[in-house]
Amino acid sequence: MRGDAALTRAFALLGKRWSGPVLGSLRAGPAGFRELSRAIAGVSDSVLSDRLSELTKAGLIARTVDEGPPVTVTYELTDSGKALMPALHELSQWAEHHLPEDGS
């Protein structure tokens with residue numbers, strides 16, 4: 001049953017709307033808030049900010065502040081986040097083949 005508890009923890013974090021797209025967007029490399037906001041159609045700034053904070057706290061992404069001027073904030077995958085990418089890719093492939101796009 002230990003695996004069930006681990007899956008529960010994983011989906012509590014990754015199952016939140018926009019967590020997957022945020023992580024997937026960072027797969028290509030570091031990005032700033034505005035870049036992520038443009039790359040993830042439909043996410044509000046407040047939700048994006050929440051997801052970035054949660055994923056940073058979970059250790060999947062790192063937040064780097066460059067004092068500038070101007071001050072810039074960059075997000076990138078940590079080693080832990082990079083280790084998750086193959087599983088997210090497999091999940092995406094599974095969904096592509098087994099879940100209809102209309103959600104029914």
Side-chain angles (χ1 to χ4, degrees):
M1 291 298 167
R2 184 166 160 75
D4 291 341
L7 275 176
T8 299
R9 287 193 320 275
F11 277 100
L13 176 67
L14 300 175
K16 289 185 176 179
R17 189 168 186 197
W18 305 113
S19 290
V22 168
L23 291 167
S25 293
L26 291 171
R27 180 178 34 214
F33 188 90
R34 283 287 139 230
E35 291 173 85
L36 290 169
S37 182
R38 284 190 297 269
I40 306 167
V43 68
S44 70
D45 285 354
S46 63
V47 171
L48 178 57
S49 181
D50 288 347
R51 291 304 165 269
L52 289 168
S53 294
E54 291 166 355
L55 295 167
T56 298
K57 184 177 177 185
L60 297 178
I61 62 174
R63 180 182 187 268
T64 304
V65 179
D66 180 4
E67 295 301 329
V71 174
T72 58
V73 178
T74 305
Y75 298 91
E76 64 184 310
L77 294 173
T78 62
D79 288 342
S80 182
K82 290 174 186 172
L84 180 60
M85 290 302 104
L88 287 183
H89 176 74
E90 289 297 318
L91 187 58
S92 176
Q93 292 297 304
W94 175 84
E96 188 72 30
H97 290 92
H98 299 284
L99 293 178
E101 285 190 41
D102 66 0
S104 58

Output yes when Lys57 and Glu54 qualify as a salt bridge under the 4.0 Å nitrogen-oxygen rule, no when they do not. no

Using the side chain to side chain contact (heavy atoms under 4.5 Å, CB included) rule, pick out the option among Val47, Leu48, Asp50 that qualifies with Trp18. Val47

With a 6.0 Å cut-off (strictly less than), is the heavy-atom count around CD of Gln93, excluding the residue itself, greater than 12? yes

Nearest heavy-atom pair of Arg51 and Arg17: which atoms, and what distance? NE-O, 2.8 Å

Given 3.5 Å as the limit, does a donor-acceptor pair link the side chain of Thr56 with the main chain of Leu52, or not? yes

Can you measure from NZ (Lys82) to CE (Met85) and round to the nearest 0.5 angstrom? 10.5 Å

Common cluster, Val71/Phe33, ILVMFWY with side-chain heavy-atom separation under 4.5 Å: yes

Shortest non-hydrogen contact from Asp45 toward Arg34: OD2-NH2, 2.9 Å

Between Leu36 and Ser25, which heavy-atom pair has the shortest distance, and what is it? CD2-CB, 3.7 Å

With rounding to the nearest 0.5 Å, note down the distance linking CG in Leu14 to CG in Leu23. 6.5 Å

Tightest non-hydrogen contact, residues Ala58 and Leu13, listed as CB-CD2, 3.5 Å

Thr74 side chain reached by Asp66 side chain, heavy atoms, under 4.5 Å: no

Considering all heavy atoms, the nearest Thr78-Ala62 contact: CG2-N, 3.7 Å

Provide the closest heavy-atom pair for Pro100 versus His98 in the form atom of the first, atom of the second, distance. CD-O, 3.9 Å

Can you tell which of Leu60, Leu84, Leu26, Leu55 makes a side chain to side chain contact (heavy atoms under 4.5 Å, CB included) with Leu77? Leu26

For Val73, enumerate each residue passing the side chain to side chain contact (heavy atoms under 4.5 Å, CB included) test, keeping only those at least two apart in sequence or located in another chain. Arg63, Val65, Tyr75

